[in-house]
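Reckoned from all heavy atoms, side chains included, excluding hydrogens, waters and symmetry mates. Remember, it's 1-based here, ligands and their atoms both numbered in the order they're listed.
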Amino acid sequence: QALTQNELLLYYQPKVNLRTGVVVGAEALLRWQHPELGLRAPGQFLQLVTGQPFDLALGEWVIETALSQLSTWLNQGMRLEVSVNISADHLLAEGFVAMLTSALARHPDVAPQQLELEILETGALNSMAQVSLLIADVQHMGVACSLDDFGTGFSSLTFLKQLGAQTIKIDQSFVRGMLDDGEHASIVHSVLGLARSFDRHTLAEGVETLAHGQMLLELGCELAQGYAIARPMPAAHVPDWTDQWRLPGEWA
Ligand code: C2E
Ligand code: MG
Ligand code: MG
């Protein structure tokens with residue numbers, strides 16, 4: 001009902017380069033504008049969907065909506081990169097690549113390079129061989145892939161070697177905790193080292209304060225996302241936000 005009654009929408013959270021101040025893109029995050037309960041975040045409803053056939057329809061809606069938004073922004077003179085969250089079930093569903101191909105074909109003005117799929121590390125762990133083939137197929141189309149919430153699964157070196165995703169998103173629990181917890185800091189440090197060895201990009205999630213950003217810069221992690229930069233926002237706010245955002249002095 002929520003889907004047919006147009007109650008679902010995507011918010012966008014900017015991703016920036018902490019060193020150069022460049023806005024590198026945005027992550028599309030699902031929201032449900034519930035008629036009585038108001039705006040709901042995925043944590044409040046997504047578990048109802050997981051494992052259900054509707055999961056696939058929802059994922060398609062997210063991809064379609066993000067591509068339409070990219071197209072709208074292009075018409076307004078703004079070229080961004082947007083990442084969408086894809087459930088492992090959806091990625092592994094029959095016809096995923098064909099669906100993605102036709103979605104891109106419906107938006108010929110949007111380059112495949114403007115789209116990225118965020119795949120949960122934990123989701124990918126269960127069927128590593130299949131997921132790794134799918135990532136290769138998707139990347140062959142020009143669409144980027146990243147591993148979301150990295151560090152929360154049972155990642156092994158084999159896992160990283162096998163999955164060709166270009167970007168590792170360091171889970172926000174480690175980033176948020178790294179200022180007061182040496183073990184969390186060690187995890188962030190190790191993931192950065194691992195990414196360098198395997199020639200992957202890294203993005204830190206959960207950058208809540210200027211101090212988090214400073215420490216990430218010291219550790220050599222340049223890409224970040226978090227409340228200290230911007231909260232997820234409606235699509236209509238993104239162009240103005242992008243125009244007015246300046247790198248905080250502490251990071252510059
Ligand atoms: P995620 O992909 O790891 O997204 C990051 C989450 O962290 C978002 O929560 C975002 O609002 C929140 N966040 C960002 N910066 C900060 C920060 O500095 N501090 C804190 N405390 N939180 C921050 P959100 O939007 O509630 O989404 C939660 C999760 O739901 C996402 O985690 C993702 O796994 C899932 N999700 C979101 N949209 C979709 C979707 O379209 N499809 C699917 N399958 N899953 C989605
Ligand atoms: Mg994500
Ligand atoms: Mg994440």
So which heavy atom in the protein is nearest atom 30 (O) of ligand 1, and how far is it from that ligand atom?
Pro42 CB, 3.3 Å
Looking at non-hydrogen atoms alone, which of Asp148, Leu29, Val207 comes nearest to atom 8 (C) of ligand 1?
Leu29
Less than 4.0 Å is my threshold; does some heavy atom of Gly43 fall inside it relative to ligand 1?
no
If only side-chain N and O atoms count, and only distance matters, is there a donor-acceptor pair under 3.5 Å linking Gln13 with Gln225?
yes
If the cut-off is 4.0 Å to any non-hydrogen atom of Glu27, which atoms of ligand 1 fall inside it?
1 (P), 2 (O), 4 (O)
Would Gln225 count as a contact of ligand 1 if the rule is a heavy atom under 4.0 Å away?
no
Give a yes/no on ligand 1: does Arg176 have at least one heavy atom closer than 4.0 angstrom to it?
yes
Show which atoms of ligand 1 fall inside a sub-4.0 Å distance from at least one heavy-atom site of Val62.
41 (O)
Counting from 1, what ligand 1 atoms have a heavy atom of Gly206 closer than 4.0 Å?
17 (C), 18 (O)
Starting from atom 11 (O) of ligand 1, locate the nearest protein heavy atom and write down its residue, its atom name and how far away it is, to 0.1 Å.
Pro232 CG, 3.3 Å
So the angle subtended at the Mg ion (ligand 2) by Glu27 atom OE2 and Asn85 atom OD1, rounded to 10 degrees, is 90°
The angle formed at the Mg ion (ligand 3) by OD1 of Asp149 and OE1 of Glu205 is about (to 10 degrees) 100°
Within ligand 1, which atoms have a heavy atom of Ala41 less than 4.0 Å away?
26 (O)
With atoms numbered from 1 as shown, which atoms in ligand 1 lie under 4.0 angstrom from a non-hydrogen atom of Leu46?
43 (C), 45 (N), 46 (C)
Is it true that Phe54 and Trp61 have ring centroids separated by less than 6.0 Å?
no
Could you tell me whether atom 27 (O) of ligand 1 has a protein heavy atom closer than 4.0 Å?
yes
Nearest-option assignment for atom 34 (O) of ligand 1, heavy atoms, candidates Asn85, Leu30, Thr50
Asn85
Is the Mg ion (ligand 3) under 2.8 Å from any N, O or S atom of Asp171?
no
Which of the atoms of ligand 1 are close to Gln13, meaning less than 4.0 Å from one of its heavy atoms?
14 (C), 15 (N)
Can you tell which of Leu67, Leu70, Leu74 makes a side chain to side chain contact (heavy atoms under 4.5 Å, CB included) with Asp109?
Leu74
For ligand 1, which atoms, with element, lie under 4.0 Å from some heavy atom of Glu205?
3 (O), 5 (C)
From Glu222 atom CD to Leu216 atom CG, the distance as rounded to the nearest 0.5 Å
10.5 Å
Tell me whether Val84 shares a hydrophobic cluster with Phe96, the cluster being built from Ile, Leu, Val, Met, Phe, Trp, Tyr side chains joined at under 4.5 Å.
yes
Protein heavy atom at shortest distance from atom 25 (O) of ligand 1
Arg31 NH1, 2.7 Å
